[in-house]
Amino acid sequence: VKTYAWIPLADFCDTVLTWLPPESDPYLSSLRPDQLDQVRAGLAFQKYEAYRRAGRAEEAMRYYEQFRQLVARDSSQN
């Protein structure tokens with residue numbers, strides 16, 4: 001996939017997560033809160049990679065920090 005496709009793809013996934021939050025998804029709604037954080041962490045990491053690959057380091061780091069916070073919160077619950 002070309003670099004220019006990463007950000008629109010990440011934005012699309014973000015839109016899907018906003019419109020259809022995991023808590024209302026027939027499958028994902030059965031997950032524990034820490035597992036739901038993992039879903040959100042995955043999107044944050046995808047957005048980090050998209051912006052990093054596009055050379056937008058400052059925005060990328062914002063998503064990386066979001067990813068780290070979600071992962072840290074998850075590991076503190078285990």
Side-chain angles (χ1 to χ4, degrees):
V1 176
K2 298 284 186 189
T3 301
Y4 61 81
W6 284 94
I7 291 176
L9 176 61
D11 289 343
F12 172 76
C13 291
D14 195 28
T15 299
V16 170
L17 194 68
T18 300
W19 288 350
L20 303 168
E23 294 83 1
S24 66
D25 179 272
Y27 171 73
L28 297 176
S29 64
S30 65
L31 297 177
R32 297 184 318 264
D34 61 308
Q35 293 171 316
L36 292 172
D37 280 347
Q38 292 174 2
V39 172
R40 289 184 177 86
L43 177 59
F45 192 80
Q46 180 184 6
K47 292 189 88 157
Y48 158 71
E49 277 295 311
Y51 282 89
R52 185 189 66 79
R53 290 171 184 255
R56 295 166 64 174
E58 188 174 318
E59 292 163 285
M61 288 312 296
R62 186 178 74 209
Y63 291 113
Y64 186 72
E65 284 305 313
Q66 182 182 21
F67 166 76
R68 283 177 36 115
Q69 288 175 3
L70 288 164
V71 169
R73 186 165 63 194
D74 177 54
S75 61
S76 71
Q77 293 176 7
N78 291 328

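Nothing fancy with the numbering, it's 1 onward along the sequence.
Considering CG of Asp14 and CD of Gln46, their distance stands at 9.5 Å, rounded to 0.5 Å. Note that CG of Asp37 is 11.0 Å distant from CG of Leu31, once rounded to the nearest 0.5 Å. To the nearest 0.5 Å, the span separating CZ on Arg68 from CD on Glu65 amounts to 5.0 Å.
Sequence neighbours left out, the pairs with a member in residues 18-58 that pass ring-ring contact (aromatic ring centres under 6.0 Å, His included) are Phe45-Tyr48, Phe45-Phe67, Tyr48-Tyr64, Tyr51-Tyr63.
Val16 and Leu70 fall into different hydrophobic clusters, defined by Ile, Leu, Val, Met, Phe, Trp and Tyr side-chain heavy atoms under 4.5 Å apart, directly or through other members. Criterion: ILVMFWY side-chain heavy atoms under 4.5 Å apart, direct or through other members. Under it, Leu20 and Leu9 are not part of a common hydrophobic cluster.
When all heavy atoms are compared, the tightest approach of Glu23 to Ser29 is O-CB, 3.2 Å.
Here Arg56 pairs with Glu59 under the side chain to side chain donor-acceptor pair (under 3.5 Å) rule; sequence neighbours left out. In this structure Leu17 satisfies the side-chain contact (heavy atoms from CB on, under 4.5 Å) test together with Pro22, Val39, Arg40, Leu43, sequence neighbours excluded.
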Any chance you could lay out the salt bridge (charged side-chain N to carboxylate O under 4.0 Å, His left out) test for Lys47 and Asp11, step after step, and finish with the verdict? CA-CA 8 Å; Lys47 292 189 88 157; Asp11 289 343; 3.5 Å; yes
Working note: Arg62 + Glu58, criterion salt bridge (charged side-chain N to carboxylate O under 4.0 Å, His left out); need CA distance, chi angles, decisive distance, verdict. CA-CA 7 Å; Arg62 186 178 74 209; Glu58 188 174 318; over 6 Å; no
